[in-house]
Amino acid sequence: MDNIKELTIEEKLKLLVGAKWFETYTANGKLTEIRMADGPHGVRKMKDDQTYEKSTAMPSLSLIANSWDRELAKLSAETIADECVELGVDVILAPGINIKRTPLCGRNFEYFSEDPYLTGELGKAFIKGVQDRGIGACVKHFVCNNCETDRRFLSSEVDKRTFNEIYLEPFRKVMEEKPWMVMSSYNPVNGVDMFRNKKMLKDVLRDKLKFDGAIVSDWYSVRNPADGVKATLDLTMPYREVYFPLLKSAYDDGYLTEEEIDVRVIKLLELIEKKKKADKIKKVKLTKEERHQNAVKIAEGGMVLLKNEDNILPIKSGNVLVLENYIKKNYPTGGGGSSTIDCDGEEFSFAEYIRKNSNANVEEYADSHMTCDGGFSHNLYRSVEKSYGKDAVLIQVMAKEESEGADRRTLKIPEVVENYIKALSNVNNNIVVMIFSGSAIDVSAFEHLVKGIIMVNFAGEGVKEALANIITGKTNPSGKLAETYPLSLEETPTKDDFGNVFTIPYKEGLFVGYRYYDSFDKEVRYPFGYGLSYTNFEYSDIKIDKQSDTDYEVSYTVKNVGEVDGREVSELYIRPLFSKVTRPEKELKAFSKDFIKAGEEKRVKVKLDFNSFAIYSTAFDKKIMEDGVYEVLVGASSRDIKLKGEIIKKTPDKYSIIKEDNITGLQD
Ligand code: GLC
């Protein structure tokens, strides 16, 4: 072990504040260097102050969430970790597991879902994929980092029950995979900056969630590293000349003791030991092409077919027009900011991939004068003219600015693009809209004017090939939405968030996403968990087997009654019929994604446990499972429930008066 006894106090302090942009201090070779890199969508290894190594651009976490596929989450992580090994990176700063509280968050493409269970399950799978390959995962951003506006100052104001059941829950869950690191977030929570929030970093993350790894700050989020040490922050990043003097004076003044410093140093030495141990096993297993094919496979699994009127898709033949007026040939592979990956282009054009997979006669047209903000040119009319008589017109749309550092101000796409679709639909409504976005879009301006809508998302470097495979039916779409598409921004529970001077009150409480829309019976455009396929599935024969006071196995049959093979995501929700506290109308507590051949069926089995029923009781300051009747709902989406069952939970009669130590499953 790199030995603390060999370090002077100055060297110890320098270890706590990073040495470069992504690397730790080595004390002239006494210490092994830890090299970190972003991010959740590929290895963004810094080459020099301004440039990064090229690497494989993987699909965004929001696309992976729409796949509802633990295996694809793990595969993406393994692929990224493989490239970390090749590029000499020890820790990947991923995954981001913040909840998609508002669809306006500019960074939603980097996060999984509005639901904590789905987020936790996929976050766990991602961390396992990274760490099984000998690379450390750094889970971020702890905690309640749910928007980008003034992210260093706006304090997330959240009540205790909401905090535990919604925002902390994914972090609780991923601890099962023992992540090497956790990154503290920019934003204050309930008025205290996270880098110096001892209540959160020590009492909650370390003591309550039993996190035993190293806590690193978000970059430039620390104003005084001495306060960070006091709060049990281990590593302030990146290097800044001012940090060491601040620490040194805090030590000289007695504000920091050597004991406090040593505890933080030991955490980082433990991290170094993990790296050294992993160095013995890790090796590159994938070629560049294999990584690329993984990106394509994952992208296919997370694209969501939202509308398919008259079965306009899949395209097998006929006259097709590909309009690349808006995004042009450079289909977005990801969103903006620290997750951006510089990758190679694809071998073929989108149209060529369609031609390769079908007998369609595909014409391409790009209005070369149209700017990305939707500025029009006279060529619009050429587009409309060309669309006349076509069997399918494929058109790209995307939200304005989805990037770290800024939030969207609208869910709509630029009005000129909406008008563009309207103009096209006047001569031909055989239109398929392809949405390149990592979060919900308001489609009300054009949804009724077109026959097909696909949520492409940010699909990585294989986006054109994957999208063409879906469009032509080479791959049957199987994605489902991991966040609700509301009718409009006005319909969202967080619509008037912004504009609070220094706080964002999470006044919706537990009612985030479908928990809000379903509890208050609000109409939505596309519900949580919704997605179409080129085949159909039928559900039958639910069975619930009790295995203990809190553990159950639920099984049911899913049959592919269509003509083509496909994958089906089945979702299990719990609806409490009696509760002594307010609870959402239903909550996702299990899911399964299953490949089922045409005409065949599969018996699906999922497990329920204490956390499937528990609430966080502010009365007992613990998680508890109430007595009561719980409906078990199995559905193809949160609003398409196919099967129902019932579980009755009763504390033994002899405990007629519920006393604290007699409530089942009282756990931290
Ligand atoms: C950024 C992001 C964080 C990233 C870090 C290093 O500001 O918030 O997600 O890992 O800094 O680039």
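All residue numbers refer to positions in the sequence shown, counting from 1. All heavy atoms count here, side chains included; hydrogens, waters and symmetry mates do not. Just follow the structure's listing: the first ligand is 1, and inside any ligand the first atom is 1.
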query: Do the numbers put Arg240 on top of the ring of Tyr243, so that NZ or CZ is under 6.0 Å from the six-membered ring centre and no more than 45° off the axis?
result: yes
- request: Please determine if Lys202 forms a cation-pi arrangement with Phe211, meaning its NZ or CZ atom is less than 6.0 Å from the six-membered ring centre and no more than 45° off the ring axis.
  value: no
query: For Asn187 and Ser185, does a side-chain donor sit closer than 3.5 Å to a side-chain acceptor?
result: yes
Please tabulate, for the side chains in residues 137-145, all donor-acceptor contacts under 3.5 angstrom to protein atoms that are two or more places apart in sequence or on a different chain.
unit_1	atom_1	unit_2	atom_2	d
Lys140	NZ	Leu93	O	2.8
His141	ND1	Asn98	OD1	3.1
His141	ND1	Tyr111	OH	3.2
His141	NE2	Arg107	NH1	3.2
Asn145	ND2	Cys147	O	3.4

- request: May I ask you to establish whether Arg101 and Tyr506 are in a cation-pi arrangement, using a distance under 6.0 Å from NZ or CZ to the six-membered ring centre and at most 45° from the ring axis?
  value: yes
message: Under 6.0 Å from the ring centre and within 45 degrees of the ring axis: does the NZ or CZ of Lys14 meet both conditions for the six-membered ring of Phe244?
response: yes
Write 'none' if nothing qualifies; otherwise put on separate lines each N/O atom of ligand 1 with a protein N/O atom under 3.5 Å away and their distance to 0.1 Å.
unit_1	atom_1	unit_2	atom_2	d
ligand 1	7 (O)	Tyr186	OH	2.6
ligand 1	7 (O)	Glu404	OE2	2.9
ligand 1	8 (O)	Arg107	NH1	2.9
ligand 1	8 (O)	Asp218	OD1	3.2
ligand 1	8 (O)	Asp218	OD2	2.7
ligand 1	8 (O)	Glu404	OE2	3.4
ligand 1	9 (O)	Arg107	NH2	2.6
ligand 1	9 (O)	Lys140	NZ	2.9
ligand 1	9 (O)	His141	NE2	2.7
ligand 1	10 (O)	Asp38	OD1	2.5
ligand 1	10 (O)	Lys140	NZ	3.0
ligand 1	11 (O)	Asp218	OD1	3.1
ligand 1	12 (O)	Asp38	OD2	2.6

